[in-house]
Engineer: 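Got a structure for you, questions after.
Every number for a ligand or one of its atoms is a count from 1 in the order of the listing.
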Amino acid sequence: MTEAHIPQPFTSRPAAPLAGTAAVPGDKSISHRALLIGAIATGRTRVSGLLEGEDVLATAGALRALGVTISREDGATYVIDGAGLSGLAAPSTVLDMGNSGTGARLALGLLATHPLTAQVTGDASLVERPMGRVIEPLARMGATFLAREGTKLPLTVTGARMPVPIQYRLPVPSAQVKSSILLAGLNAPGETTVIEPEATRDHTELMLRHFGADLRVEDAEDGSRTITVVGQPELIAHPVEVPGDPSSAAFATVAALIAPGSAVTLPNIGINALRTCLFVTLREMGADISFANQREVAGEPVADLVVRASALTGVEVPAGRAPSMIDEYPILAVAAAFAEGPTVMKGLAELRVKESDRIAAIAGGLTAIGAAFEEGEDDLTVLGNGRPRGSGNTPVPTHFDHRIAMSFLVAGLGAAGPVTIDDGAAIATSFPCFIELMNGLGADISGADAS
Ligand code: S3P
């Protein structure tokens, strides 16, 4: 989001049943990793199904500025000519990571152990998000940082000339921080170890193994996980097929559940167990969701999702589930507003530091559509009443947050009346074809007046 940003309001209207099959774009997390790891591998990596969202394209742009050749073939197939481990070159422009916390934090990991200086920035949302969580461990590995207010973008990083491997226990469950340290560890001699108190998405680990890295994972009885990467491996280019993003599939899934009579199929969706707790939770609420044709693609489990409209009942979502559905609380809150009875969501502290303060943003959206809730510091209870009324004359404030925008457009497909959002521009960061895809299934989403 820039200062010259022009808001793009949209309205969704109660729809006929949604029906048919829709191809959800590639997984955002896996797309970032395919670019970043392909960039430091030896040889040519072909990535098919890459997400062509603004976040991922920002990562590609940063890597190009670091001397990596990335070209686009037909469709969403990209070819990366790897610079080799420690082969990144000093950039002559500022690396602008746009809206992407993942792009920024993972790129900082790579930069931290390259002996070069780079400036990194992002949009109005990203420059307010915490970077101390990666600065602190990466500084221990020998990188130096000069950051705005000590821990924020824009910052200047100078990578370590003689990187030091570390053992680091994550203070917050964060796949971004874990991945940042593991990527930094690739250029350090010896073993770099990350201990995570709760397991978070493991796409970095799976992809590093796919490229031939030596990586060990130990699961402890208390649920913590220890990941060790052996530094200075030879990473060999390997083809990557990016599965459909379960976090994007979540929107069409909930739309089909709440628009009466719907039945949709979403082929080729990633079902990594560290990403799919939304589907577990929705099933507990009574959702008819099945995983057909389960298979493995490039080290990641994949299935076709089949979803049918269902009557939902409120449930209690345990705090331990948060890391594996952290991006899905906005759309779960919408589903919960259509359920009978309260849905209690706990352990949401990390939502306060996402693309927006997502607990506050969800609360604002629920208020606008007439759904009752109780907001705590790190929990949220949605008091389902079956069918919210819609937003009337009060557009949902989206705070330039893609997941808030998409969640409340979905709400309009099942509500008693239309839902207008103040700005859908951020949707392009993760799901550029969202409106076309939803309308292709029978939804009614169109541009609107802001007031
Ligand atoms: C991501 C990890 C999550 C998630 C983000 C993508 C990743 O962030 O919210 O959208 O690709 O590693 P945290 O790891 O900071 O919770």
Engineer: Heavy-atom distance to atom 15 (O) of ligand 1: which of Ser100, Ser174, Ser247 wins?
Structural biologist: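 Considering heavy atoms of Ser100, Ser174, Ser247, the nearest to atom 15 (O) of ligand 1 sits in Ser174.
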Engineer: Under 3.5 Å, is there a donor-acceptor pair between the Thr77 and Ser48 side chains?
Structural biologist: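 No, Ser48 and Thr77 have no side-chain donor paired with an acceptor closer than 3.5 Å.
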Engineer: Look at atom CZ of Arg44 and say whether more than 12 heavy atoms of other residues, nucleotides or ligands are closer to it than 6.0 Å.
Structural biologist: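 Counting neighbours around CZ of Arg44, 12 or fewer heavy atoms of other residues, nucleotides or ligands fall under 6.0 Å, so no.
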Engineer: Inspect the contact between Asp401 and Arg358 and indicate whether a charged nitrogen and a carboxylate oxygen are less than 4.0 angstrom apart.
Structural biologist: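 A salt bridge is present here (some side-chain N lies under 4.0 Å from a carboxylate O).
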Engineer: Counting heavy atoms only, which of His203, Arg33, Lys178 comes nearest to atom 12 (O) of ligand 1?
Structural biologist: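 Looking at heavy atoms only, the winner is Arg33.
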Engineer: Going by distance only, is there an N or O of Ser179 that falls short of 3.5 Å from an N or O of ligand 1?
Structural biologist: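 No; every N/O pair is 3.5 Å or more apart.
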Engineer: Would you say Glu234 and Thr42 are linked by a side-chain donor-acceptor pair, where the criterion is simply a distance under 3.5 Å?
Structural biologist: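 No - no donor-acceptor pair under 3.5 Å links their side chains.
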Engineer: Tell me, please, whether Tyr329 has Arg321 positioned over its six-membered ring: NZ or CZ under 6.0 Å from the ring centre and within 45 degrees of its axis?
Structural biologist: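 Cation-pi check for Arg321 and Tyr329: fails.
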Engineer: If you measure every N or O of Arg105 against every N or O of ligand 1, does any of those distances drop under 3.5 Å?
Structural biologist: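 Looking only at distances, the answer is no, because the N/O contact criterion of under 3.5 Å is not met.
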Engineer: Would you say the side-chain atoms of His203 and Ser29 include a donor-acceptor pair closer than 3.5 Å?
Structural biologist: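 There is no such pair (donor and acceptor under 3.5 Å, judged by atom type) between the side chains of His203 and Ser29.
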Engineer: Any heavy atom of Thr200 sitting closer than 4.0 Å to ligand 1?
Structural biologist: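 It does not, in that no heavy atom of Thr200 comes within the 4.0 Å cut-off of ligand 1.
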Engineer: As an exercise, identify every atom of ligand 1 less than 4.0 angstrom from a heavy atom of Ala175.
Structural biologist: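 Within the 4.0 Å cut-off of Ala175, ligand 1 contributes 12 (O), 14 (O).
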Engineer: Identify the protein heavy atom lying closest to atom 8 (O) of ligand 1, giving its residue, its atom name and the separation to 0.1 Å.
Structural biologist: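 Residue, atom and distance for the closest contact: Lys354 NZ, 3.0 Å.
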Engineer: Any nitrogen or oxygen of Asp327 lying under 3.5 Å from a nitrogen or oxygen in ligand 1? Just yes or no.
Structural biologist: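 Looking only at distances, the answer is yes, because the N/O contact criterion of under 3.5 Å is met.
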Engineer: Which atoms of ligand 1 sit under 4.0 Å from any heavy atom of Thr102?
Structural biologist: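 So the atoms of ligand 1 that pass are 1 (C), 5 (C), 6 (C), 7 (C), 11 (O).
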Engineer: Before accepting this row, confirm whether a basic side-chain N of the pair Arg140/Glu136 lies closer than 4.0 Å to the acidic partner's carboxylate O.
Structural biologist: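 Salt bridge present between Arg140 and Glu136.
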Engineer: Has ligand 1 got any nitrogen or oxygen that is less than 3.5 angstrom from a nitrogen or oxygen of Glu355?
Structural biologist: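 So ligand 1 has no N or O lying under 3.5 Å from an N or O of Glu355.
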Engineer: Pick one of side chain, backbone, both or neither for how Arg201 approaches ligand 1, counting any non-hydrogen atom pair under 4.0 Å.
Structural biologist: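 The part of Arg201 near ligand 1 is the side chain, not the backbone.
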Engineer: Which residue and non-hydrogen atom of the protein lie closest to atom 11 (O) of ligand 1, and at what distance in Å?
Structural biologist: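 Nearest protein contact, heavy atoms only, for atom 11 (O) of ligand 1 is Ser29 OG, 2.7 Å.
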Engineer: Tell me whether Asp378 is salt-bridged to Lys346, with the criterion being a basic N under 4.0 Å from an acidic carboxylate O.
Structural biologist: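 No, this pair does not count.
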